[in-house]
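This one's a predicted model, so the numbers in the text were calculated from it and none came from an experiment.
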Amino acid sequence: MAKAEALPANPPEPLASADDGKWAAELFGQAQDILRGNDKNGHYTVPAAGMYPHQWLWDSCFVAIGLRQYDVKRAQAEITSLFRGQWSNGMLPNMIFNDDGKHRRDRNLWRSWVSPFAPNKVSTSGITQPPLVAEAVVKIGQKMTKAERRTWYQKNFSQLVKYHQWLYADRDPHGEGLVLLIHPWETGQDNTPPWISELHSHQLTWWIRAAQKLRLEPLINFFRRDIQYVPPEQRLGAIDALALYSVQHRLRRKAYAIDAVLEHSLLAIEDVGFNAIFIRANQQLQTIAKEIGRQLPDGLKARMAQTEAAFEQLWDDHDKLYYSRNFVTHTPIKLPTIASLLALYAGSVSPERAKLLVKQLTAATKFGTPFPVPSVPMDSDWFHEFGYWQGPTWINTNWLLVDGLRRYGYQDQADAIAKSCLDLVRQSGFCEYFSPLSGAPAGIANFSWTAALTIDLLKS
């Protein structure tokens, strides 16, 4: 992997303050236009036109968080649309497919119908994504009257409980407190270094290794849709992309049944970012239950407390970071990413450890880049400023950090990241991700969660 490039001699000066009402209003309006353009009949929002024609789980949650700032009913619809894809066992899939005939290939790739738990009238993927739904439900509720909020919470409570119960039943088979993931796509950070490292160590089949040895990347890229929209150097490498689809194919062969998947799979990871987000989701589900006077099912609250305690097993006292670990061996995967900092979003770690994470966050050789927090620290061998989830700045993960920092009392640091995000979007547009060094735009343009979270940062 490429080493970090040298920082610019004169990093770009910050743009006007967020207090400048004129440019803030212009940015707000531009973000609204993007969300309207990516809206699908008032029910859900695609991440971007063309490359992303379907509905994604955590994308819609972020979109709803932005929509709530000016259209609460539309924000509600965004969340309601996610539950149409909920499986009978409680799982919320990471994708709900557009039913247009031209997307038949995508639906057939997953064949959700091979599982007896999949919905009958909606085609979905067979895996999940970071559980941000409870967070989105609460954020929307904050914009309502008490009576409206109680009705909204009542509407979503049972489905949320069912999802959280599924995460424990299906993804914590040993009752240890941490949930496991079975595909990098479930992290939302597709080619994040800990997962790609494990993938290369354990899961590259002989035919993928042969393709790698024979340098067949150009042939593989010929069949890829994503690089029709984005330069290849800004996406996953061809071999990694092929490997991720190979893992997905194996999951489909097992009908997405976790017992069958774990029987022969070495790619099962207790992901630090996912578990941090799950902890916060558990807290928000308890907030919902308290507001409407409902009791959580027997055992669920105890499992929630167990997760917060088990999360501390991911702490590395030498590196002062949290790491993902292999589910089977419990071996930590010591490759730092922005997920290592998301314990700040979880809000369950001690003030002392939060302080150590903030120190990592601001260190100039690590995450302290000229533009907001990169997905991989600069001193990592994996860092590449345009390498998808291996270096670029993403607005959504920075939003999570801002939210967590504020709850820990680090208001100045949160405000600095929020303002830097807004300056970055004003300079480079509402793109998918950005260089943390120069602020240059990357990925697809007019990206929905960038627009939605820009609105939320402007209003928060």
- prompt: Any idea which heavy atoms bring Pro374 and Phe383 closest together, and the distance?
  reply: CB-CE1, 4.3 Å
query: For Ala354, which residues count as a side-chain contact (heavy atoms from CB on, under 4.5 Å) partner, sequence neighbours excluded?
result: Leu344, Val349, Tyr408
- prompt: Hey, does His54 have a side-chain heavy atom less than 4.5 Å from the side chain of His103?
  reply: yes
- request: Identify whether the distance between the nearest side-chain nitrogen and carboxylate oxygen of Arg171 and Glu270 falls below 4.0 Å.
  value: no
message: With a 4.5 Å cut-off on side-chain heavy atoms, are Leu180 and Asp172 touching?
response: no
statement: For Ala64 and Ala75, the nearest pair of non-hydrogen atoms, with its separation, is O-CB, 3.5 Å
query: Would you say the side-chain atoms of Glu308 and Ser348 include a donor-acceptor pair closer than 3.5 Å?
result: no
message: So, using side chain to side chain donor-acceptor pair (under 3.5 Å) as the criterion, who are the partners of His249 when residues are at least two apart?
response: Arg252
task: Flag the pair Phe62 / Thr45 as yes when at least one side-chain heavy-atom distance between them is below 4.5 Å, and no otherwise.
output: no
- request: With sequence neighbours left out, write down each residue that passes side chain to side chain donor-acceptor pair (under 3.5 Å) with Gln154, or none if nothing qualifies.
  value: Arg294
message: Does Arg36, at its CZ atom, have more than 12 non-hydrogen atoms belonging to other residues, nucleotides or ligands within less than 6.0 Å?
response: yes
query: So, for Phe278 and Tyr163, is the gap between ring centers shorter than 6.0 Å?
result: no
- request: Check step by step if side chain to side chain contact (heavy atoms under 4.5 Å, CB included) holds for Tyr168 and Asn282.
  value: CA-CA 11 Å; Tyr168 282 117; Asn282 282 337; 3.1 Å; yes
- request: Anything under 30° is parallel, anything over 60° is perpendicular, the rest tilted; go ahead and classify Tyr70 against Phe28.
  value: perpendicular
message: More than 12 heavy atoms of other residues, nucleotides or ligands under 6.0 Å from CD of Gln295: yes or no?
response: no
query: Centres of the Phe447 and Trp449 rings: under 6.0 Å?
result: yes
field: Which residues share a side-chain contact (heavy atoms from CB on, under 4.5 Å) with Pro336, sequence neighbours left out
entry: Leu321, Tyr323, Ser340, Pro377
task: Enumerate the residue pairs fulfilling salt bridge (Lys or Arg N to Asp or Glu O under 4.0 Å) with a member in residues 130-144, sequence neighbours excluded, ordered by first and then second residue.
output: Glu135-Arg280, Lys139-Asp403
- request: Can you sort out the partners of Ser448 under side chain to side chain donor-acceptor pair (under 3.5 Å), two or more places apart, ordered by chain and number?
  value: Asn38
query: Got a sec, which residues hit ring pair (Phe, Tyr, Trp, His ring centres under 6.0 Å) with His43, two or more places apart in sequence or on another chain?
result: none
field: Residues which pass ring pair (Phe, Tyr, Trp, His ring centres under 6.0 Å) with Tyr388, listed by chain and number, not counting sequence neighbours
entry: Trp394, Tyr433
task: Return each pair, listed once, that meets salt bridge (Lys or Arg N to Asp or Glu O under 4.0 Å) where at least one residue sits in residues 390-402; pairs must be two or more places apart or across chains.
output: none
Of all pairs that satisfy salt bridge (Lys or Arg N to Asp or Glu O under 4.0 Å), the ones with a partner from residues 84-97, not counting sequence neighbours: none
Within 6.0 angstrom of Asn108 CG, more than 12 heavy atoms from elsewhere: yes
message: Tell me every residue that passes ring pair (Phe, Tyr, Trp, His ring centres under 6.0 Å) with Tyr153, counting only those two or more places apart in sequence or in another chain.
response: none
message: With a 3.5 Å distance limit and no angle check, can you tell me whether Thr187 reaches the backbone of Pro184 through a side-chain donor-acceptor pair?
response: yes
message: Taking the side chain as everything from C-beta on, heavy atoms only, tell me whether Glu78 gets closer than 4.5 Å to Gln55.
response: yes
statement: Of all heavy-atom pairs linking Leu457 and Ala418, the shortest is CD2-CB, 4.0 Å
message: Does any part of the side chain of Val373, heavy atoms only, come nearer than 4.5 Å to the side chain of Thr397, both counted from C-beta?
response: no
- prompt: Can you find a pair of side-chain heavy atoms, one from Phe371 and one from Leu437, that are under 4.5 Å apart?
  reply: no
- prompt: Just wondering, do Trp87 and Ser115 contact through their side chains at under 4.5 Å, heavy atoms?
  reply: yes
- prompt: Taking the side chain from Arg407 and the backbone from Tyr345, do they hold a donor-acceptor pair closer than 3.5 Å?
  reply: yes
query: What pairs meet the salt bridge (Lys or Arg N to Asp or Glu O under 4.0 Å) rule with one or both residues in residues 427-439, with sequence neighbours excluded?
result: Arg235-Glu432
field: For Trp185, the option from Trp195, Tyr245, Trp56 that meets ring-ring contact (aromatic ring centres under 6.0 Å, His included)
entry: Tyr245
- request: Indicate yes or no: at least one non-hydrogen side-chain atom of Leu57 is less than 4.5 angstrom from one of Met95.
  value: no
